[in-house]
Amino acid sequence: MARIDGDPAPWHELPPPLAAQLGLTIASFGHLEDMLKRAIFALDRDRLSGAIREHDFRQWLRRMDHVAADSLGTLIDRLDRTLIREGRGNPDLSADLDEIKTWRNLLCHATWQPEATGWKPLFVNTRGEVHDRTMDETDLAAIRAMTLDAANRARRIIESLDDHGNGVAE
């Protein structure tokens, strides 16, 4: 949700180092989405019987089509449910993914304003919470590192599955 208090402000070009770090961080969210989709697919595929009927297989493919189009928040919820169903619940990963989802919403939807102490992303989330502090390249690098770590943990879930097309053979 946009903040609409105060007068409309002009667009401010971010300093190149901050803009570059913001771009890298946002790109890491896309990588995380890809790894989450692959983990959900692999976990769900691992459950299919070798003697699956055509009708059941088509239903499964339709579900996977939905996964392919899901947003980060929905993917996080779906992966969490899938891991719990499979007895692989991971509260630490779930907590990190929820934090990343919050950062993603802020960084992808905020407008940036210069402040005396740095640059502030202006954004109000759906719960009415306001991000009220400046951010710099170090903050963005830390968010990117957390995001890439979560993507690697999702990749390890895939690799932990059997070698019948569900894991990564290297």
Side-chain angles (χ1 to χ4, degrees), residues 1-41 43-44 62-158:
M1 171 184 339
R3 287 184 73 169
I4 56 173
D5 58 336
D7 293 331
W11 181 75
H12 298 280
E13 188 168 328
L14 294 172
L18 183 64
Q21 199 62 248
L22 178 61
L24 290 169
T25 304
I26 290 171
S28 73
F29 299 142
H31 177 63
L32 174 61
E33 284 188 16
D34 182 57
M35 288 294 103
L36 295 178
K37 289 174 186 181
R38 290 171 183 270
I40 293 164
F41 177 87
L43 287 162
D44 233 44
R62 276 195 295 279
R63 277 196 320 274
M64 292 304 102
D65 280 344
H66 291 288
V67 169
D70 279 345
S71 66
L72 183 61
T74 305
L75 289 169
I76 289 168
D77 294 342
R78 190 182 295 257
L79 178 67
D80 197 38
R81 285 191 313 270
T82 302
L83 288 171
I84 290 169
R85 180 192 70 215
E86 296 299 315
R88 296 169 163 248
N90 187 331
D92 291 337
L93 178 59
S94 295
D96 286 349
L97 290 172
D98 281 340
E99 183 177 349
I100 291 165
K101 177 175 58 174
T102 300
W103 285 120
R104 182 236 174 245
N105 288 339
L106 170 72
L107 297 178
C108 290
H109 298 291
T111 182
W112 290 79
Q113 295 292 318
E115 300 274 322
T117 58
W119 286 82
K120 183 190 290 186
L122 301 177
F123 179 72
V124 179
N125 67 23
T126 57
R127 294 181 303 274
E129 299 165 337
V130 176
H131 181 84
D132 205 23
R133 69 174 188 84
T134 60
M135 296 183 77
D136 61 21
E137 294 91 345
T138 305
D139 298 319
L140 296 173
I143 295 165
R144 187 175 83 247
M146 177 176 34
T147 303
L148 293 176
D149 178 65
N152 281 330
R153 287 187 276 167
R155 179 185 49 80
R156 286 194 296 273
I157 292 168
I158 299 164

* Residue pair Trp112 / Thr134, side-chain heavy-atom distance below 4.5 Å -> no

* So Asp92 and Arg153, salt bridge (charged side-chain N to carboxylate O under 4.0 Å, His left out) or not? Walk me through it. -> CA-CA 11 Å; Asp92 291 337; Arg153 287 187 276 167; over 6 Å; no

* Asked: Which value, rounded to the nearest 0.5 Å, describes the distance between Asn152 atom CG and His31 atom NE2?
  -> 6.0 Å

* **Which atom of Leu79 lies closest to which atom of Ala39, heavy atoms considered** => CD1-CB, 4.1 Å

* Taking all non-hydrogen atoms of both residues into account, name the closest pair between Thr138 and Asp136 and its distance. => N-OD1, 3.0 Å

* **Check: Thr25 and Trp103 side chains under 4.5 Å, non-hydrogen atoms** => no

* **Sub-4.5 Å side-chain heavy-atom contact between Arg104 and Leu32** => no

* Asked: Should Arg38 and Asp34 count as an ion pair when the cut-off is N to O under 4.0 Å?
  -> yes

* To do: Decide salt bridge (charged side-chain N to carboxylate O under 4.0 Å, His left out) for Asp44 and Arg85; before the verdict, give the C-alpha distance in whole Å, the side-chain angles of both, and the deciding distance to 0.1 Å.
  => CA-CA 10 Å; Asp44 233 44; Arg85 180 192 70 215; 3.1 Å; yes

* Sub-4.5 Å side-chain heavy-atom contact between Phe29 and Asn105 -> no

* Is any side-chain heavy atom of Leu83 less than 4.5 Å from a side-chain heavy atom of Ile157? -> yes

* For the student: nearest non-hydrogen atoms of Ala150 and Ile100, plus distance -> CB-CD1, 3.7 Å

* Asked: Quick one: does Asn125's side chain get under 4.5 Å of Leu106's, heavy atoms only?
  -> no

* Structure fact -> Nearest heavy-atom approach of Pro17 to Glu137 is CB-OE2, 3.3 Å

* **Taking every non-hydrogen atom, the tightest pair across Leu72 and Lys101** => CD2-CA, 4.2 Å

* Asked: Looking only at heavy atoms, which two atoms of Met135 and Ile143 are closest? And how far apart?
  -> CE-CD1, 3.6 Å

* Counting only N and O atoms by type, is there a donor-acceptor contact under 3.5 Å from the side chain of His131 to the main-chain atoms of Arg133? -> yes

* Asked: Looking at CD of Glu33 and OG of Ser28, how far apart are the two atoms once the value is rounded to the nearest 0.5 Å?
  -> 10.5 Å

* To do: Compare all side-chain heavy atoms of Leu97 with those of Asp80 and state whether any distance is below 4.5 angstrom.
  => no

* **Inter-residue atom distance Met35.CE - Arg156.CZ, 0.5 Å rounding** => 12.0 Å

* Got a sec: does the CD of Glu115 have more than 12 other heavy atoms crowding it under 6.0 Å? -> yes

* To do: Calculate, to the nearest 0.5 Å, the distance between atoms CG and CD1 belonging to Leu140 and Ile26 respectively.
  => 8.5 Å

